[in-house]
There are 2 protein chains.
Amino acid sequence: MIRAYAATEAGAKLERFEFDPGPLAHGDVEIDVIACGICHSDLSMRNNDWGFTAFPFVPGHEVVGKISAVGDQVTNLTVGQTVGLGWVATSCGTCAECLGGDNHHCANSVGTIVGRHGGFADKVRCSATWAIPLPDGVDAKKAGPLFCGGLTVFNPIVEYDVKPTDRVGVIGIGGLGHFALQFLNKWGCEVTAFTSTGAKADEARKMGAHNIVNSRDADELDAVAGTFDFIISTVNVDLEWNRYLAALAPKGNLCVVGAVLEPMPISAFSLIMGRKSVTGSQVGSALTTMKMLDFCARHGIETVTETFPLSEANEAFAHLEAGKARYRIVLENDFT
Amino acid sequence: MIRAYAATEAGAKLERFEFDPGPLAHGDVEIDVIACGICHSDLSMRNNDWGFTAFPFVPGHEVVGKISAVGDQVTNLTVGQTVGLGWVATSCGTCAECLGGDNHHCANSVGTIVGRHGGFADKVRCSATWAIPLPDGVDAKKAGPLFCGGLTVFNPIVEYDVKPTDRVGVIGIGGLGHFALQFLNKWGCEVTAFTSTGAKADEARKMGAHNIVNSRDADELDAVAGTFDFIISTVNVDLEWNRYLAALAPKGNLCVVGAVLEPMPISAFSLIMGRKSVTGSQVGSALTTMKMLDFCARHGIETVTETFPLSEANEAFAHLEAGKARYRIVLENDFT
């Protein structure tokens, strides 16, 4: 039996929940959970905001743990290895996206918490493709959030070909933004943090920001018009998008990874003049995850965490919902 | 003196107009106009829609002619060469964009009809950088529209790295779209024309479309969901943008070159899921223009023209405004 915490209906508090996972599939591994990050999408899924949550629902898709069992066709992993698991738990391996190196876009993929039971548990399972070994130098207790929050901002840096000579901006200094600042600084870029929270300016500088711009001050935004090659938006609130497009240099890219619900009223002229882009990005491939972890190990990049025991997952959720997380919450497995 | 047709105020009909262009600048060339295409932006400028038209206003930025004089510092062109001139007349040559190969984004550039007198004239001038020689095999009387309309759709194919293996779509089969179909077909792609004008389907196939989709039929659009790597929109009317984003495959790009005035209500989720982009593009560099002309010569790509004498420029404008152009109007210089 796997012991976990689950919500039995939309919005419900998490309760103790046990389930029999059945025999381990040939290509899967089972992971003894060490710690599991909390992502805002765990909350969205718990609340069934997107309409496809299956209950009972076990959250958790920023897992780090030790492999406790491997299926009989698994050749790339062995029992005892420390691995991480993010949003994607399985992919087909044979579709165009998988064959093309984009297994995070596999149409047949299954999410770790989408119709499966996630990492708020003592054990979790996934396919051997998506259990990514932690390199030396990455702290298992802090690494969980890299597998979703970190990857979400690392992937567009890779896929949109951000260059070390680029001037870049990060909108929103939270769970995602605090990774983006660290990555882009070590990527070699000149990094500007856009934040409306003055108190975060000093911390943003410590994380790698060279400059701070008040994200809600039109004058400050206008003063940096035409200067950014790449801006990544990690917030989920409506902004003056065309003002941010104006902040881009010719050929600049405004990449949105925060799930803003209101449509963004993008002006065609803002895109045409200067050949600009508004783009999105969605987690990243298994290979990009490996590259991210190596990059973190090389540069000492890690999550700024607040830690709760897994048994206090409800308190942790409340802390996140209150907007108090600095900057990412990790739950430590305290099943004994 | 240069003889031309000019509007003396916003919206006015064109009238005969003569002006003294002064001594030829050191780096400029003078071109005896053979023919000049009409672009919708000539109309917008004539009407001062964008607020920066200088009157008297001489339209025309799709010029082909023979060089009649070169400035004393011009080394790349000689008198008698047949050249074309598009939207950009001069660029500085020293800014980051010029040095980076993007002289069409030069912030110091001057447009052929922006504070200068354009090609509805017997002569026109520009810097030697922007007078692009026509290769053998390109018909001077039909080539003018390539320099703005053609380049506008050729450039994003180059800059956004469209691949011959891509599945691509063209929204709107008009002055721009009829070039896009030809380019993309010869680029090697599988080409779909999106048009609301059923009568254009046969012509679109002749220009290179392999498939036709009714651009206003939601069912037809939904049937092609997830299939396009690149869609270029050449229309200036509001469309169901998120439905076109849904038509993109993972990593797909919806490129807007039609100057839609209404903001496009882009959903962040439409961009995030599948890592998609909404992009723009604005003419192209001098070098890209040369590459486009070589591509046209190699593949027999040319403008489908309707011809008017320059002295009937007002009638030609009326024909364009009535939406009757099939597919691009060229004015032949009939000054004697």
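The figures here come from the full heavy-atom set of this structure, side chains too, leaving out hydrogens, waters and symmetry mates. To find a chain, count down the sequence lines: A is the first, B the second, and so on, and within it residues start at 1.
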Check whether [X] gets within reach of chain A through its side chain, its backbone, both or neither, counting any heavy atom under 4.5 Å.
X: B:Leu261; result: side chain
X: B:Asn253; result: neither
X: B:Val257; result: backbone

Checklist outcome for this item: In terms of heavy-atom pairs under 4.5 Å with chain B, the winner among A:Val283, A:Asn242, A:Leu271 is A:Leu271
Checklist outcome for this item: Looking only at A:Ala259, A:Cys255, A:Ser270, A:Ser267, the option with the highest number of non-hydrogen pairs under 4.5 Å against chain B is A:Ala259
Item to check | Ionic contact status for A:Glu97 with B:Lys251, cut-off 4.0 Å | outcome: no
Checklist entry - Going by an N to O cut-off under 4.0 Å, is there a salt bridge joining B:Asp229 and B:Lys163? => result no
Item to check | Between CD on residue A:Glu262 and CG on residue A:Asn236, distance to nearest 0.5 Å | outcome: 9.0 Å
Checklist entry - Can you name the one residue among A:Trp187, A:Phe147, A:Tyr160, A:Phe179 that meets ring pair (Phe, Tyr, Trp, His ring centres under 6.0 Å) with A:Phe154? => result A:Trp187
Item to check | chain A contacts, top residue of B:Arg275, B:Met273, B:Met264 (heavy-atom pairs, under 4.5 Å) | outcome: B:Arg275
Extract all donor-acceptor atom pairs below 3.5 Å that involve side chains of residues 85-96 of chain A and protein atoms in other chains or at least two apart in sequence.
from: A:Thr90; atom 1: OG1; to: A:Val110; atom 2: N; distance (Å): 3.4
from: A:Ser91; atom 1: OG; to: A:Trp130; atom 2: NE1; distance (Å): 2.8

